[in-house]
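Below you'll find the structure, written out as structure tokens, and then a few comments.
These values consider heavy atoms only, across backbone and side chains, with no hydrogens, waters or symmetry-generated copies. Order of appearance sets the numbers: ligands from 1, and atoms from 1 within every ligand.
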Amino acid sequence: METATPIGKIRNIGFIAHIDAGKTTVTERVLFLTGRIRKVGGVDDGTTTMDWMPQEKERGITITAAATTTYWQDHRVNIIDTPGHVDFTAEVERSLRVLDGGIVVLDSVAGVQPQSETVWRQADTYNVPRIAFVNKMDRVGASYERTIESMRRRLNANAVPVQLPMGEEDSFKGVIDLIGGRSFKYHDTPNSEPAFDPPEPGPIPDAYLETYTQYRQSMIEKIVETDESLLIRYLEGEEIGEDDLRQALRRATIGRRLVPVLCGAALKGKCIHQLLDAIISYLPSPEDVPPVEAVDAKTGEDVERFPDVKEPLSALAFKVVTDPFVGRLVFLRIYSGQVKAGASVINATKNKRERMGRLLLMHANHREELEEIGAGQICAAVGLKDTFTGDTICTDFKPVILEPPKFPEPVISVAIEPDTHADQDRLADALHKLSDEDPTFRVKFNDETAQTIISGMGELHLEVLVDRMRREFKVEARVGSPRVAYRETFTKPVRSEGRFVRQTGGHGQFGHVWLEIEPTERGSGIVFENAITGGKIPREYIPAVEAGVRQALDNGPLGGYPLVDLKIKLVDGSYHQVDSSEMAFRSAGNLAIRLAASKGKPVLLEPIVEMQVVTPGEFLGDIIGDLGTRRAQIRNIEGEDNLQTIRAMIPLGETFAYTTSLRSVSSGRATYTMEFKHYEPVSESMLNSIIKKV
Ligand SMILES: Nc1nc2c(ncn2[C@@H]2O[C@H](COP(=O)(O)OP(=O)(O)OP(=O)(O)O)[C@@H](O)[C@H]2O)c(=O)[nH]1
Ligand SMILES: [Mg+2]
């Protein structure tokens with residue numbers, strides 16, 4: 001019985017990291033080692049269980065976060081393997097929202113890479129305790145010490161190594177456990193096949209004694225510093241025992257004061273045993289994290305829900321997937337209470353009744369049927385029709401609303417034109433299902449050009465979506481070249497009047513509003529406030545004013561891009577007993593925004609990304625020259641002769657097809673990554689050329 005695992009023995013964990021750090025490889029090894037799969041899968045030959053989508057197998061990258069469950073030392077471990085590519089950041093965001101602990105996988109050659117910094121910050125936002133796994137210790141150029149140093153420098157992490165590698169690169173043999181004072185050596189396997197036999201325990205080899213003593217000492221100091229009573233005992237000269245150290249380290253990790261660091265080589269199957277032990281030892285169970293905060297759906301009061309099956313049910317929908325066999329699957333994290341398959345529940349966010357059909361335990365794209373599921377667990381439900389990512393599921397008894405994960409706004413778009421009428425119909429279905437799954441994927445229909453515009457987080461994101469439309473939904477379509485999702489905003493506050501009056505025989509039309517429009521902080525979106533007093537505009541017309549305002553905001557004055565970051569206050573107006581209508585007030589709202597446009601001194605906002613280029617020193621000059629022609633601002637160049645890293649801020653619009661350009665200036669030897677940072681106003685001198693180009 002699945003719910004039989006006591007809650008203290010559940011771990012909801014996820015692997016997070018930069019692209020290619022080895023998250024999926026680690027997950028596959030974990031599944032094999034714990035007996036969940038019989039044949040070990042590889043990313044390089046497309047035989048993984050976790051990367052199950054065809055696009056993932058072909059490209060060797062993870063695209064969607066996949067959930068799975070396994071057991072280790074009679075603990076149940078629910079695992080989410082997340083993608084590292086920045087275009088799929090929504091997958092990381094929603095996973096971190098529902099996880100209790102994270103394993104940050106680092107490449108021992110590259111150290112902390114840009115996307116690791118990003119996921120680290122995301123994990124901070126969601127208060128997720130973590131441990132670090134320094135992977136690829138077998139690679140040429142591997143360095144445990146340098147990687148830990150980069151964790152401290154780049155992530156500001158209070159990293160505490162709890163292991164020492166025995167050997168690096170080719171001679172990486174296993175690890176020394178600094179707490180237990182033992183070594184674990186793996187047997188060599190033929191043809192560099194992964195090692196899965198348990199490692200051989202032994203004493204600390206003589207060659208490591210000195211480093212061991214030094215690392216152990218500094219580890220103990222870091223641990224006792226987090227616990228006053230241990231600190232006193234330590235300062236009085238007492239030898240702190242293994243159990244005390246482990247317990248204190250567990251508390252400090254869960255309290256996010258320390259980050260235990262381990263190492264290994266997932267590809268070779270080395271040190272996965274110890275990693276699993278560490279997940280059980282140091283990462284929290286659902287009981288160990290603070291109760292989830294929620295808002296009472298009826299009173300709006302702040303409340304807490306405890307991870308207890310006796311509490312009222314609360315569950316957060318964090319992912320929606322359309323499965324070709326079972327249909328629409330809604331992934332849920334159960335925070336409190338329990339629920340049976342077939343139960344009647346409510347979606348507290350939408351205030352709608354829903355039926356929990358089947359309950360499934362997911363193992364990548366395979367599933368196991370459950371009868372009941374309780375607090376602390378992660379599962380997928382079939383049958384919830386109106387539940388979307390971010391919604392809360394409850395029972396009638398004390399419904400609450402949990403905080404949904406936050407998703408970034410899309411920054412790039414392409415036009416898509418179906419080849420035939422039949423394709424048009426299939427396209428509509430595909431767009432509906434794909435945007436249901438992916439909150440960073442948006443669809444808009446451009447009336448003027450009769451084109452469908454799809455927007456997403458980057459070129460790769462849109463490419464994968466279009467590929468899925470072709471393969472899963474059989475849509476044949478022409479796809480335009482990528483365009484930047486520009487925005488517009490005002491730079492000056494404006495007071496604007498919208499007076500919509502028509503006299504055409506019989507009934508006239510009358511709507512009249514005064515708006516105060518004020519630019520707000522970047523990223524704050526649109527806020528509409530009604531400040532009408534004394535019934536100058538009857539209450540029933542206010543939503544119509546807002547609708548008209550929002551409609552006009554969709555089409556900015558400079559290039560037709562959406563206006564953002566504005567506070568719009570409805571301050572005054574008038575109405576007519578007979579002639580006023582919703583339609584008239586809608587038009588008045590719309591008009592007031594359009595008339596405000598020139599007075600508000602509008603500017604075009606463009607997305608700026610941070611780019612990091614890693615190149616052999618000889619190409620540095622050419623790359624910088626090329627970046628210069630792309631309006632890039634170089635922030636920093638560091639490294640040694642043989643490898644230089646350039647960090648630059650650059651407008652997204654200047655990065656299209658950069659792959660090809662970088663390949664040609666560096667003979668294919670430089671690589672780059674980029675990440676969206678913020679929107680910035682386009683200078684007056686660039687404005688015309690951008691508007692003309694698009
Ligand atoms: N040498 C070596 N290579 C490894 C190790 N672990 C993973 N790799 C390789 O690194 C590459 C990326 O591995 P993945 O497991 O796909 O990495 P990932 O972090 O899941 O990547 P994304 O999901 O795309 O972010 C593959 O070619 C792996 O074979 C390791 O321990 N040693
Ligand atoms: Mg992966």
Do the numbers put Arg154 on top of the ring of Trp120, so that NZ or CZ is under 6.0 Å from the six-membered ring centre and no more than 45° off the axis? no

Residues in contact with ligand 1, criterion: heavy atom under 4.0 Å: Ile19, Asp20, Ala21, Gly22, Lys23, Thr24, Thr25, Val43, Asp44, Gly60, Ile61, Thr62, Pro83, Gly84, Asn135, Lys136, Asp138, Arg139, Ala265, Ala266, Leu267

Check the side chains of Thr89 and Gln122 for a donor-acceptor pair under 3.5 angstrom, ignoring hydrogens and angles. yes

Parallel, tilted or perpendicular: which fits the ring planes of His273 and Tyr186, with parallel below 30° and perpendicular above 60°? tilted

Contacts of Phe676 meeting ring-ring contact (aromatic ring centres under 6.0 Å, His included) (sequence neighbours excluded), chain-then-number -> Tyr679

Is it the case that the side chain of Glu437 and the backbone of Leu434 share a donor-acceptor pair, with hydrogens and angles ignored and the cut-off at 3.5 Å? no

Residues pairing under salt bridge (charged side-chain N to carboxylate O under 4.0 Å, His left out) where one sits in residues 161-174, two or more places apart or in two chains, turn out to be none

So, Ser661 versus Arg630: side-chain donor-acceptor pair below 3.5 Å or not? yes

Within the distance-only criterion (no hydrogens, no angle test), does the side chain of Ser171 pair as donor or acceptor with the backbone N or O of Gly167 below 3.5 angstrom? no

Count, excluding waters, the protein N, O or S atoms that are closer to the Mg ion (ligand 2) than 2.8 Å. 2

Should the pair Arg216 and Tyr208 be classed as cation-pi, given the thresholds of under 6.0 Å to the six-membered ring centre and 45° from the axis? no

